[in-house]
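Report on the structure given below.
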Protein chains: 2
Amino acid sequence: MAEALTSEAILAATEEVLRRYGPAKATVVDVAKALGVSHGSVYRHFPTKAALREAVTRRWLDAQHLAMEPAFDQGLTAAEMLRAWLQKLFDRKKLSHVDEPELFATYLVLVRESRGIPEYHVEHLVGQLARIISAGVETQEFVTDDVDRTAQAVWDATDRFHHPAHAQEWGDPHIQDAFDAVVSLVIAGLRYNRIPSAAGDA
Amino acid sequence: MAEALTSEAILAATEEVLRRYGPAKATVVDVAKALGVSHGSVYRHFPTKAALREAVTRRWLDAQHLAMEPAFDQGLTAAEMLRAWLQKLFDRKKLSHVDEPELFATYLVLVRESRGIPEYHVEHLVGQLARIISAGVETQEFVTDDVDRTAQAVWDATDRFHHPAHAQEWGDPHIQDAFDAVVSLVIAGLRYNRIPSAAGDA
DNA sequence: GGACTGACAGATTTCAATATCTGTCAGCAG
DNA sequence: CTGCTGACAGATATTGAAATCTGTCAGTCC
């Protein structure tokens, strides 16, 4: 035999098979064939096909999260940082949707099919948002009595520009305009926002 | 023969057939059968199956628009009116999605399949939003230099609570909380919002 | 003994034949 | 003459038999 079969090699091969055949056609047998082993060997490293797919998905998401890590070192206001972060997220999503629609669709299917993965993804990004908003609260640029809740609200309010269900709208020529309008509205709200914890509003 | 076949009767029968069989199974033959005529007769009133479906859809949407017509007569602030209108829209959507999921899905398919119908629907509702915001600007409760653009931004920011792509999230127990947070953020933004017409922001 | 194979059962997918539907139109009935 | 019918051609949908896939495991190889 040549070399030991590693989980890493299986993940890489699975990624390649998913790219080539798409999520609907990719089979465990294909992965094994690409590695030159029997498909029984793959089951020695991953208990089910679903677990294998989920491992690939989590790996990909972690790379996305790393790429979105906000940079606090520059001399930007919180509003500028927030706008830049949201714009970067939007640009990345838009680009991958326009440039590689099939790969985008593939990972969309993968993310959706695993319970808990979408939550994992959103919670991570909302956490990054919260850190930016928190910085704004410290400099008294933003006002809020619940940073996490507000971060979630900003995420929800900008759903149209990052939720894959809206991907088809990202090709609209006026989409950047709509993005600017929503982000400006949200930032204006952050400057004077007091979200009630249960009910009531001024 | 009994009575003349009218377009009205065909529309009513089509609605019934769509309710009973769903959008995938409903056929022109079914409609004709329900009316006790040959399917050729239906084509005397509607040129294609698509035109027939679109007529039913437009009829249904007009009823929805009427139900959402904002009431300006009460002694409410613009913020209260805006919140109430958004809540009503959310409640109506949520209710029809929870109470009659099949009918909701049926009209969702119908709305999507006709080019132009979604735009017709959204433009109408954003128009209602614009009237509420416009009232707020007149009382100096809200600030904006472009009512229509701002109305669209409010619509976009609340997408999660009316766009059917998010319907599955409406069953979440915390959804009302998320709604309140977003609406409060948006209303805070409206009080101090100045959306740039092309680029740049303070 | 630990890693891999290959045959297997049950579940899922594919594919081609069969049936149904859409849209048209010549002809019939009042 | 006007409104409806029913047969028709091409397009679409349904079905069930055959092929493939998933997950297991007794057995092989070093």
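Convention: sequence-line order gives letters A, B, ...; per-chain numbering from 1. Owing to the predicted nature of the structure, the values given are computational and were not obtained by experimental measurement.
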Report task. Using a 4.0 Å heavy-atom cut-off, write out nucleotides 8-22 of chain D from 5' to 3' as B (base contacted by protein), S (sugar-phosphate only) or - (no contact). Result -> ------S------SB
**Report entry** Partners passing ring pair (Phe, Tyr, Trp, His ring centres under 6.0 Å) against B:Phe161 (at least two apart in sequence or in another chain)
**Finding:** B:Phe90, B:Phe179
Requested in this report: State which residues pass salt bridge (charged side-chain N to carboxylate O under 4.0 Å, His left out) with B:Glu119; sequence neighbours excluded, sorted by chain then number.
Outcome: none
Query raised in the report: Taking only residues at least two apart or on different chains, which pairs with a member in residues 51-75 of chain B satisfy ring-ring contact (aromatic ring centres under 6.0 Å, His included)?
Result: B:Trp60-B:Tyr107, B:His65-B:Tyr120, B:His65-B:His121, B:His65-B:His124
Query raised in the report: To the nearest Å, how far apart are B:Leu35 CG and D:dT5 P?
Result: 10 Å
Query raised in the report: Which pairs count as side-chain hydrogen bond (donor to acceptor under 3.5 Å, both in side chains) when at least one residue sits in residues 25-34 of chain B, sequence neighbours excluded?
Result: B:Thr27-B:Asp30
Query - Short side-chain N/O contact from A:Ser38 to OP1 or OP2 of C:dT5, under 4.0 Å - result: yes
Query raised in the report: Taking for each residue the nucleotide of DNA chain D with the nearest heavy atom, is it A:Gly40 or B:Val37 whose nucleotide lies nearer the 5' end?
Result: B:Val37
Report task. Please work out which of the three classes, parallel, tilted or perpendicular, describes the rings of B:His97 and B:Trp170, given edges at 30° and 60°. Result -> perpendicular
**Report entry** A:Arg44 CZ to D:dC25 P, straight-line distance once rounded to whole Å
**Finding:** 12 Å
Report summary line: Sequence neighbours excluded, the answer for ring pair (Phe, Tyr, Trp, His ring centres under 6.0 Å) partners of A:His45 is none
